Amino acid sequence: MHIKQELTERHVLTLTVDNEAGTLARIAGMFTSRGYNIDSLTVADISEDHTTSRITIVTRGPPPVIDQIIAQCERLIPVHKVTDLTEAGPHVERELALVKVRGTGDQRVEAMRLADIYRARVIDATVNSFIFEITGGPDKIDTFVALMREVGLVEVGRTGIVGLMRGAEGS
Amino acid sequence: MSEDFAVPEKSGAEILIDTLIEQGVDTVFGYPGGAVLPIYDALFQHKKIRHVLVRHEAGAAHAAEGYARSTGKPGVVLVTSGPGATNAVTGIADAFLDSIPLIVLTGQVATNLIGTDAFQEADTVGITRHCSKHNYLVKDPADLASTVREAFAIATKGRPGPVVIDIPKNVQVATAATDVKRPTSSRFSPAGEADYAEINRAVELLANAKAPILYTGGGIINSGPEASAALRELAELCGAPVTSTLMGLGAYPASGDAWLGMLGMHGTYEANMAMNQCDVMLCLGARFDDRVTGRLDAFSPDSIKIHIDIDRSSINKTVRVDLPIVADVGAAMRQMVEVWKGRKYKAAALNDWWARIKGWRAVDCLSYPGSTQEIMPQYAIERLFAATKDKAPIITTEVGQHQMWAAQHFHFDAPNKWLTSGGLGTMGYGLPAAVGAQMGNPDALVIDIAGEASIQMNIQEMATATQYRLPVKVFILNNEWMGMVRQWQELTYESRFSESYSDSLPDFVALAEAYGWKGIRCSDPAKLDDAIAEMLAYDGPVMFDCRVHKTSNCFPMIPSGAAHTDMILHSDEVSGTMDDEAKALV
């Protein structure tokens, strides 16, 4: 007997949650304990009175599993609202990355040229290194990081995705 | 705030006890220890709360479950930090899977010691996070009252469940103003009534069905006695047969005409065949558990499925349904009755359907080979039922063959009379649950139907029954085997009985006497009725060692990975092997 793999879809979920101790552990742990995947997870306080946070989770699963994930998130007491941006319609997704490259001569010039094409900004420079700041969809960042590997990539930090619905309405 | 204007302050422990009393708590099941000494001292000075001293914290949690399940009120547990809390975890997980409302108060080391690996420190909120409905670590006594109030609301409303409140020792000792009224949180709003558009649709489907079935579950018991009354009325109106999960037994009376018996792995042939062949299935507060559905792709393939559940995550979890209704099942059934009557629907002509059911009933799937030499376990349950049915007993069980035989051969006409560990399947549940049920129902006849292996898992609770003069009866079907394990090994592992023999059993009669109980042993079918009568006549706790046929298997049975239509009715149909796909299913 072999373990069967199922076809999965990628979904971006946003959760409005109480900003209290243990909320993140509760949500992340629920994903682990029920066998769901987390591709990326971001969390930050978004309210004036610091009582509410917004969590963006990128997850993967067959459609019925995505439904279950949403229902299981909604079942948690500190979770007020769950929106599936992927289902909800047009939305924007952005991620920020910091990318450090090291090199001199042609390699350094090439890194700078590529960064320019990808609209990455230089936020730190030495005679033999740069740190670029780049924002965009995950694909753009993947591509940029792949190019930087060719010209002296040292390390990368990525925030994971945040997303909002397009248009005037909130989710 | 200056001293002059200070409002009266109380310690965290006193605030806790005051809030418990305010929430209507009169009984707490617990065990003291270092990190809860301030709470025990406050309890000592308040006589409004009865504390039941168990002999192991797992017993406290199960006793609170038994109390909750039999009274409809939340059960309250009080244990110390570290091992006190970890011992209670099995009971918390049990209550989580069976949706039993519990408030579990755990002591914790002082806040300044948390994270230092202090004596008897365990990360209780971490450990219980995914086996409780919610949990808290309270770091300020000023937060205690509002936390306890919210915990009771969460535990009892919506789909009930256990809520853990971890209270560091310094928070129990420190004082806070007692008139702090923090706004009660509105963040918890469970489903109530159903949408009438959905109810209308459900009634229409049911009224036009040619082969309808009501598939009922523990949600009806949790919704309260009115829900059971609504179910009876709905079943009467629509004329459909009724089956139930293990957790829902008693919601519809087993003596009712429409009763098919329990469904699922050890359910009746007629219930499983009717589930498979129905055209409209109305699922009421049940959750399509794997013990119920059998092989998913063969589960009731041609029916329209309506699912009413208070927990949205139960809907479409394993089985896709056609009409999901998120609502309190009792309220939804009352709405269905109202719509049915308002529109003057008539029960459809279901004669053909009932004729087919009659055919399945004729299989007599619960029959078993009789014996005049030995007590057959099914016979023992039948005689126990016959001797006690007029007393409306509360029955608890452990887990295994005896549990399934009890579900099959003991019959319930009312809710809150059947307390069993369905979801988690916890051996050792029955005796402490009986203790809790007897505390909550002092005049009731409470019987734990047990196996000789399971009973040993929380046998220390015999002392609790002795201490509180609880006349619980423990009726052990003693076959000297972990019967369900032995049965599976016979059926799927070619009778390789690996570690399933109950060796070195205690002398249960002598053990009973050692604890101050009465002990009775019986192995002769001819003397069984008299022995049961002797047990019932005794005004105190009794342990009944009923020596039964050793290798009986529990049938009917849907083997692992099989469809409802592939039931094994008798042992001669068993092959003794199983392929890997089936073995991998539990």
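A, B, ... follow the sequence lines: proteins, then strands. Residue 1 opens every chain. Being a predicted model, the structure only gives us computed values, none of them experimental.
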* **Atom NZ of K100(A) with >12 non-hydrogen neighbours under 6.0 angstrom** => no
* To do: Inspect the surroundings of CG in D117(B) and state if more than 12 heavy atoms from other residues, nucleotides or ligands are less than 6.0 Å away.
  => no
* Does the pair H130(B) and T32(A) meet the rule for a side-chain contact (heavy atoms from CB on, under 4.5 Å), with working shown? -> CA-CA 10 Å; H130(B) 303 296; T32(A) 318; over 6 Å; no
* Structure fact -> From the list Q68(A), R34(A), E20(A), the residue making the most non-hydrogen contacts under 4.5 Å with chain B is Q68(A)
* D67(A) CG to K317(B) NZ distance, which is reported to the nearest 0.5 Å -> 13.5 Å
* More than 12 heavy atoms of other residues, nucleotides or ligands under 6.0 Å from CG of D106(A): is that the case? -> no
* To do: Step through the shown structure and confirm whether more than 12 heavy atoms of other residues, nucleotides or ligands are within 6.0 Å of CG on L7(A).
  => no
* For atom CZ of R10(A), is the number of surrounding heavy atoms from other residues, nucleotides or ligands below 6.0 Å larger than 12? -> yes
* Sort R75(A) into side chain, backbone, both or neither according to what part of it lies under 4.5 angstrom from a heavy atom of chain B. => side chain
* Asked: Can you tell which of M30(A), R26(A), E74(A), Q72(A) has the highest number of heavy-atom pairs within less than 4.5 Å of chain B?
  -> R26(A)
* Asked: Heavy-atom distance under 4.5 Å to chain A: side chain of I315(B), backbone, both or neither?
  -> backbone
* Count the heavy-atom pairs under 4.5 Å between each of S33(A), G22(A), G29(A) and chain B, then report the option with the highest count. => G29(A)
* What part of I69(A) gets closer than 4.5 Å to chain B, counting heavy atoms only: side chain, backbone, both or neither? -> neither
* Asked: Looking at N316(B), D311(B), V125(B), which one has more heavy-atom pairs under 4.5 Å with chain A than the rest?
  -> D311(B)
